[in-house]
Asker: 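Provided herewith is a single structure, encoded as structure tokens, for subsequent inquiry.
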Amino acid sequence: MFGKTKPFWQETPLASGYEAVIIGGGVHGLAAAWFLARHQGMKSVAVLEKSWIGSGASGRNTAIVRANQEEAETLPLYREGLELWPRLTRELNVNLMFFPCGVLSLAHSEPGLNRLRTQAATARFFGVEAEMLDPRGCYRLVPALDISGNPVHPVIGGMFHPPGGTLRHDAVVWGLAKGAATWGAQIHQDTTVTGIRQEGGKVVGVETNRGTVETSRVLCAAGADSAEIAKMAGLDLPVSVRTVQALVTHPLKPFLDHVVSSSLYPCYANQTLKGEIVTCGPVDPAGEPVGTTASFLTRQAWALGELMPCLKGVRIMRSWSGRVDVTADGMPIMDGNVPVEGFYIDCGWGDFGFKAGPVAGKYMAE
């Protein structure tokens, strides 16, 4: 007989007040709670999640992590975030299933190749491992790649980023929640924030569907809902909501050892431990989840078959969509105390939010 399963954290009543309230039970909010409780010594912390933890983008992404972005302003942050995963695995005592299998980004034109060269040079300048490859080098890494002239967009080179890889997003969410609760933070699911209370330009509390909670510090880490939460504090953020769709195929014999990415097709893919191929498309202008569209399935099937012909005819087993928060310049917003004292913002990450969750939580906690 199986024994009774021990919960990762204990359910507790919502208190009348906390030192800090975090809105959003995704990776960013839970990471901030963990670092506040464990490393900043703040025990009176509440995480308020309107649904269940990880129900937003944290549980709907394809769990790829990397630090080969091209923006010099944020690349050091992604590098530190990538280095955090092994440390979190030890401190949380939870197997986050971090797998640094490496990320191969493909180029299909001279401008695309030059962009990857710039990206690789920027990465190396900040101490991030990245190397340029010719088509044969790409093929040696991924023998399933078609490097002939047959594809509509032939592969003419690529950039390989060895430290990048994948994690198990559910393990990350549960591990951070468990760690935060172990050090005194409280996790409150099914708790919707309906208002931010202020007095004299300062935060004094939050209103929820379960009553009013007093606090002098509020962190808005609600992903696609962040702009709406900020409006409750009187702030108009330059953030819009977009949709991303993803799918997995039926399990296949292991053949793909690295993450493969192409911005021109566009798509990226990796193979899970179960043998499934996980793939995701570009950010869609639609702001609300639309389920799975026929155009997305058609585009992804075509792109995967073009890049790796062995995937032609594979069956799609599951698909899903999710919402992401996007800024006009593609850069995240990490701010606090301006213009409302005690109100902190961590949002606008687009489809890079999972990669930066723990490191963003670390700095927002500080």
Side-chain angles (χ1 to χ4, degrees), residues 24 26-28 54-71 73-75 77-78 81 103-108 111-112 115-116 119 153 161 164 166-167 169 221-228 230 237-248 259-270 277-304 306-307 316 318-334 345-357 360:
V27 175
H28 284 250
S55 59
S58 293
R60 294 174 179 270
N61 63 80
T62 51
I64 293 172
V65 292
R66 57 189 177 92
N68 62 346
Q69 289 80 2
E70 57 189 305
E71 295 85 4
E73 294 85 357
T74 55
L75 198 147
L77 192 70
Y78 287 113
V103 177
L104 174 63
S105 302
L106 301 174
H108 307 276
R115 180 176 179 179
L116 287 184
Q119 208 168 321
H153 306 297
H161 171 48
T166 61
L167 291 111
H169 45 63
D225 293 324
S226 293
E228 291 302 313
L237 299 183
V239 174
S240 57
V241 179
R242 298 289 184 264
T243 300
V244 179
Q245 299 182 59
L247 63 84
V248 297
V259 178
V260 176
S261 170
S262 169
S263 61
L264 185 58
Y265 269 95
C267 78
Y268 58 85
N270 67 282
I277 300 299
V278 183
T279 181
C280 187
V283 175
D284 192 283
E288 293 299 326
V290 291
T292 304
T293 63
S295 61
F296 167 73
L297 295 178
T298 302
R299 183 175 63 241
Q300 292 303 109
W302 172 76
L304 289 176
E306 282 278 293
L307 293 172
I316 296 171
R318 298 185 308 280
S319 60
W320 63 94
S321 65
R323 302 159 69 224
V324 295
D325 43 322
V326 180
T327 59
D329 61 0
M331 303 295 277
I333 300 172
M334 301 174 71
I345 304 169
D346 175 21
C347 71
W349 291 92
D351 55 351
F352 291 104
F354 184 78
K355 303 167 181 59

Asker: Hey, what do you get for CG (D284) to OG (S295), rounding to the nearest 0.5 Å?
Answerer: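 That separation rounds to 7.5 Å.
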Asker: Looking at H28 and G353, what are the two nearest heavy atoms and their distance?
Answerer: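 Looks like NE2-O, 2.7 Å.
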Asker: Mind checking whether L104 and S261 have side chains closer than 4.5 Å, heavy atoms only?
Answerer: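 Side-chain contact under 4.5 Å: no.
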Asker: Would you say V324 and V241 make side-chain contact, with heavy atoms under 4.5 Å?
Answerer: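 Counting from C-beta outward, V324 and V241 never come under 4.5 Å.
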Asker: Please name the residue in the list R66, Q69, E71 that meets the side-chain contact (heavy atoms from CB on, under 4.5 Å) test with Y78.
Answerer: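 Result for side-chain contact (heavy atoms from CB on, under 4.5 Å) with Y78: Q69.
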Asker: Please check this pair: side chain of S58 against backbone of V27, looking for a donor-acceptor N/O pair closer than 3.5 Å.
Answerer: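 Judged by distance alone, yes, a pair lies under 3.5 Å.
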Asker: Could you check whether any side-chain heavy atom of N270 comes within less than 4.5 Å of a side-chain heavy atom of V260, counting everything from C-beta outward?
Answerer: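 SC-SC contact between N270 and V260 ruled out.
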Asker: Is there a side-chain contact between V239 and C347, using heavy atoms and a 4.5 Å cut-off?
Answerer: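 Sidechains of C347 and V239: in contact.
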Asker: Between R60 (side chain only) and S55 (backbone N and O only), is there a donor and an acceptor less than 3.5 Å apart?
Answerer: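 Indeed, once roles are kept as given, a pair shorter than 3.5 Å links the two residues.
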Asker: Please test I316 against L297 for side-chain contact (heavy atoms from CB on, under 4.5 Å), starting from the C-alpha separation and ending with a verdict.
Answerer: CA-CA 9 Å; I316 296 171; L297 295 178; 3.8 Å; yes
Asker: Search all heavy atoms of Q119 against all heavy atoms of N68 and return the closest pair with its distance.
Answerer: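 The pair with the smallest heavy-atom distance is NE2-O, 2.6 Å.
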Asker: What are the two closest heavy atoms between A221 and S226, and how far apart are they?
Answerer: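 Scanning both residues, the minimum pair turns out to be C-OG, 4.1 Å.
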Asker: Verify whether one side chain among S105 and H161 offers a donor that lies under 3.5 Å from an acceptor in the other.
Answerer: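 Checked: S105/H161 side chains show no N/O donor-acceptor pair below 3.5 Å.
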Asker: Rounded to the nearest 0.5 Å, what separation is found between the CD1 atom of I345 and the CG atom of L237?
Answerer: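 Reported value, rounded in 0.5 Å steps: 4.5 Å.
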Asker: Is a donor on one side and an acceptor on the other found under 3.5 Å between the side chain of H108 and the backbone of H153?
Answerer: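 Flag set: sc H108 to bb H153 pair under 3.5 Å.
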Asker: Is there a donor-acceptor contact under 3.5 Å linking the side chains of Y268 and T62?
Answerer: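 Short answer, yes.
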Asker: For a quick test of reading the model, state the closest non-hydrogen atom pair linking D325 to G348 and the distance between them.
Answerer: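 Here D325 and G348 meet closest at OD2-N, 2.5 Å.
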Asker: Quick one: do F296 and L247 satisfy side-chain contact (heavy atoms from CB on, under 4.5 Å)? Show the steps, please.
Answerer: CA-CA 10 Å; F296 167 73; L247 63 84; 3.6 Å; yes
Asker: Are W349 and T327 close enough that some pair of their side-chain heavy atoms sits under 4.5 Å apart?
Answerer: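 Result no, sub-4.5 Å side-chain heavy-atom pair not found.
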Asker: Go through the steps for T279 and Q300 under the test side-chain hydrogen bond (donor to acceptor under 3.5 Å, both in side chains), then give the verdict.
Answerer: CA-CA 8 Å; T279 181; Q300 292 303 109; 2.8 Å; yes
Asker: To check you understand the geometry: which heavy-atom pair defines the closest contact between V283 and R242, and what is its length?
Answerer: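 Minimum heavy-atom separation between V283 and R242: CG1-CB, 3.2 Å.
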Asker: Measure the spacing between SG of C280 and CG of N61 and express it to the nearest 0.5 Å.
Answerer: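 Going from SG on C280 over to CG on N61, the span is 8.5 Å.
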Asker: Measuring only between side-chain heavy atoms, which start at C-beta, is L106 closer than 4.5 Å to L307?
Answerer: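 Yes, close enough: below the 4.5 Å cut-off.
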Asker: Any side-chain heavy atom of T74 sitting closer than 4.5 Å to one from M331?
Answerer: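 Counting from C-beta outward, T74 and M331 do come under 4.5 Å.
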Asker: Less than 4.5 Å apart, any side-chain heavy atom of T292 and any of S321?
Answerer: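 The answer is no; the side chains never approach within 4.5 Å.
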Asker: For R115, does the CZ atom have more than 12 heavy-atom neighbours from other residues, nucleotides or ligands under 6.0 Å away?
Answerer: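 Atom CZ in R115 is not packed in, count stays at 12 or less.
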Asker: For the pair D225 and R323, find out whether any cationic side-chain nitrogen is under 4.0 Å from an anionic carboxylate oxygen.
Answerer: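 Looking at D225 and R323, the cut-off is met.
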Asker: Between T293 and Q245, is a side-chain hydrogen bond (donor to acceptor under 3.5 Å, both in side chains) present by the stated rule, with each step listed?
Answerer: CA-CA 9 Å; T293 63; Q245 299 182 59; 3.2 Å; yes
Asker: Please check if the distance between the ring centroids of Y265 and W302 is under 6.0 Å.
Answerer: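 Yes - the distance between ring centres of Y265 and W302 falls below the 6.0 Å cut-off.
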